[in-house]
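In what follows, a single structure is set out as structure tokens and then discussed.
It should be emphasised that the depicted structure is a prediction, and the values quoted were computed from it without experimental measurement. Numbered from 1 within each chain, the chains take letters A, B, ... in sequence-line order.
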There are 2 protein chains.
Amino acid sequence: MELQRISKEKVDKNSVIPIYYQIFKLFEEYIIKGKLKPGEALPPEHEIAETFEISRMTVRRAISELINAGLVYSQKGKGTFVAKPNLNQVIFELGDFHEEITKKGMTPSSKLLGVRIVKADKILSNKLEVPLGTNCLYFSLVLSADNEPLVYEKKYIKYSKQKPILETELKDPSLSNLAVLHGDHFPTTSKRVLHASIVTEEEASILEVELNTPVFVVEQTIYDFDKKPVGWGRSIYRGDRYKLTSYIGWFANTSK
Amino acid sequence: MELQRISKEKVDKNSVIPIYYQIFKLFEEYIIKGKLKPGEALPPEHEIAETFEISRMTVRRAISELINAGLVYSQKGKGTFVAKPNLNQVIFELGDFHEEITKKGMTPSSKLLGVRIVKADKILSNKLEVPLGTNCLYFSLVLSADNEPLVYEKKYIKYSKQKPILETELKDPSLSNLAVLHGDHFPTTSKRVLHASIVTEEEASILEVELNTPVFVVEQTIYDFDKKPVGWGRSIYRGDRYKLTSYIGWFANTSK
DNA sequence: GAGTGGTCTAGACCACGCG
DNA sequence: GCGTGGTCTAGACCACTCA
């Protein structure tokens, strides 16, 4: 790759924009636009440093951003090379319900169906690792977009604080928030399992759909520092309306 | 936070393990074990540098690893603080079929049902942005675990090369690989949309399941440098057998 | 042995937050 | 004005790769 002619003017040392960021953007552009192709080597670090008349550490900072963005990889003793985008990798993000719905221009709402104390049955005692019959807090709610119910959630918290349940705190009825408010321990990790299923009769009536409607089921368990479960929940998403989207690859907006 | 007593012995300057990594691991442990709590400040960088008798740049490298792992965040002029884990964030990874199945101790296999050239119908011409009736490559296959079919895939490639279709290349029948082999342009980005559904009759017979079985549907489109679609596919996953799992939070194995 | 990236140093100047 | 993190320098030594 020919650096000399193209570049020196492209980096302004007196700019408010950090030099390493300018260098990062320069190579990002080359890669995204295909001027540098997968497998091709970047110039060695010392060469980049010389042509731009900057320190090698600054070059390394720029390259570390490129590595971070998945655009290149380095090999000790060999060089730095443009990566191949691994399009087989798949990452689905399930965003916050209110944000997601608002983003789509619809109006989100949530309705609390019930809050009460229940005694742990076999399933719950297993999930929360408590003896059968232990008192647990139970919440159930429905999330809607434009008044159409989309999600039905049931949540259980291992609780000990004898705190009253306030209306205000239900503005964030996430499992982790409920655990913070009513549990002993601070939740630090969360496990979710998603699978596809078909609505039960109960779910169908609450989501106002017919039997045999496909749904996502997301089971969430949250754990404290000691990896003990402190909360468990089950959310039913209307599978025909709710979608998960994954983007992988090289985009111009790797900005930040 | 009291650094002085705890620490100096904990870092070995002559170890093969980089100093920045030792420091990173030290603070990681403090945070995961709860000795440093969310919101609490780390000691200032110059102080860490002094107590361990190392350069501030090395401290910064360690902290940048902590930031990268999502354990802390820095604020210019204020300090560096332990982050709160955001347990409401959800990321589902859908791994490579063969790897996932092998990991579970089962034997994966894939069977090619058909390869042929088809003329684009309305849907396909829309998805691939080609005129109606354009020739496209079509692949369909079934992925199985222990001889039980789990996934049914149909893939379409916008092609131009008059290349024969080799058996060997079907070892990686991923959309991006097929596009590399048969398309004009190098695929750089991939979009996938996942939703829940119910098998059609055709899918039911191929997956050997009853009607009304719930499934995941994953639609994938891949694009080249110019954001033109080069391939499109639809994968049907048995929703009762295939699950997606998401872990969020602080774990001891944030190692690498 | 020449070339490469990985780590580390001991300074420097700056912009920001806060009292 | 002081303390903080953000950027940058001009060196240094090392381990690795490859011919």
Return the value, rounded to whole Å, for the distance between atom [atom1] of [X] and atom [atom2] of [N].
{"X": "B:Arg60", "N": "D:dT4", "atom1": "CZ", "atom2": "C1'", "answer": "11 Å"}
{"X": "A:Glu50", "N": "D:dG11", "atom1": "CD", "atom2": "C1'", "answer": "14 Å"}
{"X": "A:Glu45", "N": "D:dA10", "atom1": "CD", "atom2": "P", "answer": "17 Å"}
{"X": "B:Met57", "N": "D:dC8", "atom1": "CE", "atom2": "P", "answer": "10 Å"}
{"X": "A:Ile67", "N": "C:dG5", "atom1": "CD1", "atom2": "P", "answer": "10 Å"}
{"X": "A:Phe81", "N": "C:dT4", "atom1": "CZ", "atom2": "P", "answer": "11 Å"}
{"X": "A:Glu65", "N": "D:dG6", "atom1": "CD", "atom2": "P", "answer": "12 Å"}
{"X": "A:Ile17", "N": "C:dC14", "atom1": "CD1", "atom2": "C1'", "answer": "16 Å"}

Under 4.0 Å: is that the gap between some side-chain N or O of [X] and OP1 or OP2 of [N]?
{"X": "B:Thr80", "N": "D:dG5", "value": "yes"}
{"X": "A:Ser55", "N": "D:dG11", "value": "no"}
{"X": "A:Lys78", "N": "D:dC18", "value": "yes"}
{"X": "A:His46", "N": "C:dG3", "value": "no"}
{"X": "B:Tyr20", "N": "C:dC8", "value": "no"}

Can you check whether [Y]'s main-chain N or O pairs, donor with acceptor, with [X]'s side chain at less than 3.5 Å?
{"X": "B:Asp226", "Y": "B:Lys228", "answer": "no"}
{"X": "B:Gln220", "Y": "B:Arg234", "answer": "no"}
{"X": "A:Thr80", "Y": "A:Leu42", "answer": "no"}

Once you apply a heavy-atom cut-off of 4.0 Å, does [X] come out as touching a base, just sugar-phosphate, or nothing?
{"X": "B:Ile54", "value": "sugar-phosphate"}
{"X": "B:Arg61", "value": "sugar-phosphate"}
{"X": "A:Ile19", "value": "sugar-phosphate"}

Check every atom of C:dA10, C:dG6, D:dG6 against the side chain of A:Lys76 and return the nucleotide holding the closest atom.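 Shortest atom-to-atom distance from the side chain points to C:dG6.
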With distance as the sole criterion, do the side chain of B:Arg56 and the base of D:dG6 form a donor-acceptor contact below 3.5 Å?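 A donor-acceptor contact between them is present.
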If you count the non-hydrogen atoms of other residues, nucleotides and ligands that lie under 6.0 Å from OH in A:Tyr247, is the total more than 12?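 No.
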Report the residue from B:Lys127, B:Lys191, B:Arg192 that forms a salt bridge (charged side-chain N to carboxylate O under 4.0 Å, His left out) with B:Glu219.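 When B:Lys127, B:Lys191, B:Arg192 are each tested with B:Glu219, the salt bridge (charged side-chain N to carboxylate O under 4.0 Å, His left out) holds only for B:Lys127.
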Position toward the 5' end of DNA chain D (nearest nucleotide), A:Gly77 or A:Lys13: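 Nearest-nucleotide comparison on DNA chain D picks A:Lys13.
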